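These notes concern the structure reproduced below.
Since the structure is predicted, the reported quantities are computational estimates derived from the model, not experimental observations. Order of the sequence lines fixes the chain letters, A, B, ..., with proteins taken first and strands second; residue numbering starts at 1 for each chain.
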Amino acid sequence: MKFLEYQVKERFKAAGIPVPDGRLARTPDEAVLAAGALGPIAIKAQVPAGGRGKAGGIKLAKTPMEAKRAASEILGMTIKGFKVREVWCETAQEITREFYLGLTLDRDARKPVLILSAQGGMEIEEVAESHPAAIARLHADPWRGPLPFEVRDLIFRAGLGPLQGQLAPFINRLYALARSFDALTIEINPLALTRDGGLVATDGKLEIDENAIFRHKDLHGADDSDDDPLEAEAKRRKLTYVRLDGSIGVIGNGAGLVMNTLDLVQREGGRAANFLDIGGGAKAEVVHSALELINSDPNVKGILINIFGGITRGDEVARGVIDASRDLGLTVPLVVRLTGTREDEGRRLLQEAGITPKSTATEAAHTVVELAREASR
Amino acid sequence: MKFLEYQVKERFKAAGIPVPDGRLARTPDEAVLAAGALGPIAIKAQVPAGGRGKAGGIKLAKTPMEAKRAASEILGMTIKGFKVREVWCETAQEITREFYLGLTLDRDARKPVLILSAQGGMEIEEVAESHPAAIARLHADPWRGPLPFEVRDLIFRAGLGPLQGQLAPFINRLYALARSFDALTIEINPLALTRDGGLVATDGKLEIDENAIFRHKDLHGADDSDDDPLEAEAKRRKLTYVRLDGSIGVIGNGAGLVMNTLDLVQREGGRAANFLDIGGGAKAEVVHSALELINSDPNVKGILINIFGGITRGDEVARGVIDASRDLGLTVPLVVRLTGTREDEGRRLLQEAGITPKSTATEAAHTVVELAREASR
Amino acid sequence: MSILLARASRVLVQGLTGREGSFHTEQMKAYGTDVVAGVSPGKGGSTHLGVPVYDTVAEAVRVSRAEVTGIFVPAPFAADAIMEAAAAGIALIVCITEGIPLYDMVRARAFVLDAGVRLIGPNCPGLVTAGEAKVGIIPNHINRQGTVGIVSRSGTLTYEVIQGLSQAGCGQTTSVGIGGDPILGLSFSEVLRLFKDDAATRAVVMIGEIGGSDEEHAAEEVIGPGFGKPVIGFISGRTAPPGKRMGHAGAIISGNTGTAASKLQALKRAGAEVCDTIEEVVAATVAAVGQPSSAAPR
Amino acid sequence: MSILLARASRVLVQGLTGREGSFHTEQMKAYGTDVVAGVSPGKGGSTHLGVPVYDTVAEAVRVSRAEVTGIFVPAPFAADAIMEAAAAGIALIVCITEGIPLYDMVRARAFVLDAGVRLIGPNCPGLVTAGEAKVGIIPNHINRQGTVGIVSRSGTLTYEVIQGLSQAGCGQTTSVGIGGDPILGLSFSEVLRLFKDDAATRAVVMIGEIGGSDEEHAAEEVIGPGFGKPVIGFISGRTAPPGKRMGHAGAIISGNTGTAASKLQALKRAGAEVCDTIEEVVAATVAAVGQPSSAAPR
């Protein structure tokens, strides 16, 4: 789950991490009110994507009139596919230096890692590549968290020793926030040193582990798929779905198998319209729901279902396919490959319903690409 | 730092551990009001000591009139040297079983240990000795705390598996409370199972690590020395003081050395009037303050100062002794033994002030006992 | 011979009485696995599917002397189940459960490491020593006893490879699905080292996927001239669009490592034979082990 | 020879620039200790008492190759200082600080144990290898080189014994004050084992006190026929009134151990010579090592 900048800053503030004063505006007039209340402000497009600045999604406004003009320009823009519906108006900061502070899970080290750099701002990834020594890292023990001496050491290694007293609580609060929200990634960038010597989080990112959402049922993040009705619908159906740019609808169980199915479709000269993983142990209704979703995509010219059951049972899959075929009145060719747990029963059910399953994924991919090509002629 | 029952229960309640409803009463009339509001109540003397029940400090009252009589009897009692100034009036519980749940620091294991027994109540120490298997223990890793499976295992080992769902949160909250208050000991005894199937803490104890008081500056515990003016005064002066029943005032640095000085005084036929450890690195003012305290004790017939300086410096001690002798106009014999760091300077200062220090503790103990005996004649 | 699991292994099932636990315990028993105990807190003292049930793993291990556990408990409780097994002295933990919060796994993995215990998974299909025993959910009928070791990050692709090899007459020693989550127990490197030391294993098939850099590390640290056995490699997700997430966070592409290209290159550099399809994997493996194993399929 | 500390030991001081740190660093240097670095966060790059100061222990160790540290930082920060030293690869940590919260110490001690590092203290006087080096606050002039090892829980009583022995012409190998806190690093058992293996140590004086059961454990586990050297024991606090205890938890855990009687009995049973006064300890030790050491006092 991802969050918009202002949602992240609300959480920072609640966790004791200073952020600039700000207000949300959905219209240019609301931005005028914000400028009236706050003085000179930065007006920032609220979209769940990076690179807003370069796209013109951030503007400074010294007066309410300037705020109106800037907000008018930004509201309604499309940035990386996301329409700007809200802007965050916050007190403009007099910044003397910009740092980077982030936390992510390092899958190789299998630990959370805190990252601190005296060279913050937009180019942090470039810094990481060109001056790796400018990026100080601290792998926290997952039980102990970052200890005071480790945080001190991190700060001195980043060359920020003189700011130790101010930075250490920032780092501890960031870690506590990450833990309490099961954050996969949390970033303060830039972490700004202002003219008056204070530290303030002028931008932030937060992404929460979807697996841990059951612990955070009251959290509402950014809807990062609201501009794609199919992705939104898939989310509602709790299906792991990603839209792609081809014409073969792909349904499978297990990310590796689905990814491999995409590869096979491409080898056969086709291109997948989507990635859809029904996961392990899916019931007939899930298969039904997945087929219904794919069938509603006008780009789809053929559907490939590739199931190798372990925890998923062949009979459940077959029932879902049969019911969906009957209920949906499919007009595009459907190719099913079914093997694994309860394979015999599943295949028998399919045969009885007039669907002949393929026995290998390659054969199934070949057939669906062929049939889709014929159907399109 | 120790707490009275009602102070402990306030903390339990704040930590989510259920306790009976109750009110504090300082007069029999307040107890009447409590009985009016709560119905049948238990009236319990609030003193920082165990064994109240046997001493008659706990009575049941079914009516306000009974409450008045019971409170009149209990208020003003003296239990283990503590005068009863307050009673806690709480809703009488219909108890079907009594368990024991406690936490302490196990110095041998060097870990916190949770203790759970299905046989709670007053006789828990006897149970520990006669049926050690009836006492289940869990040594928690100090970083991880008790993990869910460990708590489950503790409950099953105590034979309380059927109450697992209710007990586990109790145990977790008790541990969290101990950690957040730096508790050396925390106990729920009895932990009562009531007729309606609920668990409630009907009595509790809490003792906090004095070394961690700097983290809990807003905490106010039971003043467990308020009946001894000298102990109260020592507390105000931040001196480690324990009143004993002899006549030789003893001042030393380091608990081991002071304890050994008590042993030596006894060997020489005297008895110490107190234990007073000025600790490591004491300044002249601390020595002055300690001497002033001991001199104010009418039981003291002779004073023995035994200092072996490591982090404590002989010159500082000497200055404190000299200033105090001058300011206080001591009327009882004073014997000083001084050696260790800056011994020469300290001894020289004392000599100049007319005090001849002894060089061994045995000699000093012998001398002070002799002089005190002579002075008492 | 084989690695990690054998006919004599005494197996515990955590979450035995649940729906998945019950179904797959029956399958494991049908395959010949010696399931000696189950754990379901509060159901201690009962029997389920002919297996005695205990309240805690500690008690189950004390009584049954189980050495291996298969975990089928729901995701919110699975990390705790892993740690319970590690603390009770289980030597090999196989966690099938999918969807465990990553911070839970980070802690559980540190715990397991401290305890010196092996963990496979989570979010994995488990492992089979062909013809001997199975812990997990790999379908029984596809395995065939032989000389090929399999290690894979993908559950379902593992089945593809096993089935393909078995149908080609090329059996397996042990097939290990290490799981697709970002935070895992055993890595490719660790399983490959075990195969290296297993006399019965004559070739190893390694099925990776995009994300992370475990494949790269295995290529650099383990595969190579010293490995002494042919390694046939395959990476799925080559046509996945960069940056989009594919189900497991494991497929997030990070930095320059983690891409299919980086992994394929590392495998080639280490001397592994890299294939484009599962069919090619099967063909290359059959060629590598000489002739099809003569053992009967089961 | 000696244990734990020698003339060649490279010593770091944490809290070097503080009042106590400064005073005792001067004393340590005066005794001949090789103080190679100090740590005071924020003062890195400066020099204090001729010793280079660093911001972190990691940096100090990297540059100075310090192996032993003496900690003189205030109680609220001392547990963190201990862990910093352990993480930086220091082999022996000596924590003088008094008044460290017990939960802090419980955690720090677990950390130190995980790191495989030795900790002496806290709330201890440190140690001296007579004539070679000192870390801590034991007065310099009382030590005399010889053949007696001393291990003690009491700070000031340690000085009594050292001085008594030295004045009787009976020098020491190493004198170790393990500290009087409930949660300690090295126990009596561990130090006694070191003395057992030290060829130069011909007898050991052990100064215990009431509370805990470290003395009992040492008597049962280490002292005894296998120890091979005379042990002279002393327990202080025999006339101390029993503590005012709240609750039962402490009694459930420690039962009847911890009293002076229990400790004296355990020591006697193990064959230690138990004394009533420090003078008796000195006399018994002189008798045990035969004749006074001939080394000059220093």
Surrounding CZ of D/Arg118 (heavy atoms of other residues, nucleotides or ligands, distance under 6.0 Å), is the total greater than 12? no

Can a salt bridge be assigned to the pair D/Asp214 and B/Arg110 using a cut-off of 4.0 Å between side-chain N and carboxylate O? yes

NZ/NE/NH1/NH2 to OD/OE distance under 4.0 Å, B/Glu5 and B/Lys205: no

Counting only non-hydrogen atoms closer than 4.5 Å, does [X] touch chain B with its backbone (N, CA, C, O), its side chain (CB onward), both, or neither?
X        : answer
D/Arg109 : side chain
D/Ile278 : side chain
D/Gln27  : neither
D/Ile100 : backbone
D/Glu160 : both

Specify which of D/Gly155, D/Gly180, D/Pro76, D/Gly126 makes the most heavy-atom pairs with chain B at under 4.5 Å. D/Pro76

Counting heavy-atom pairs under 4.5 angstrom with chain B, the leader among D/Gly99, D/Ser154, D/Gly136, D/Ala110 is D/Gly99

Heavy-atom side-chain contact between D/His24 and D/Phe72 under 4.5 Å: yes

Is it the case that the side chain of D/Arg153 and the backbone of D/Glu209 share a donor-acceptor pair, with hydrogens and angles ignored and the cut-off at 3.5 Å? yes

Audit row: D/Arg144, D/Leu165, side chain to side chain contact (heavy atoms under 4.5 Å, CB included) steps and yes/no: CA-CA 8 Å; D/Arg144 180 186 171 115; D/Leu165 287 172; over 6 Å; no

Pick one of side chain, backbone, both or neither for B/Leu264, based on which atoms fall under 4.5 Å of a heavy atom in chain D. side chain

Does any heavy atom of chain D fall under 4.5 Å from the side chain of B/Arg215, the backbone, both, or neither of them? side chain

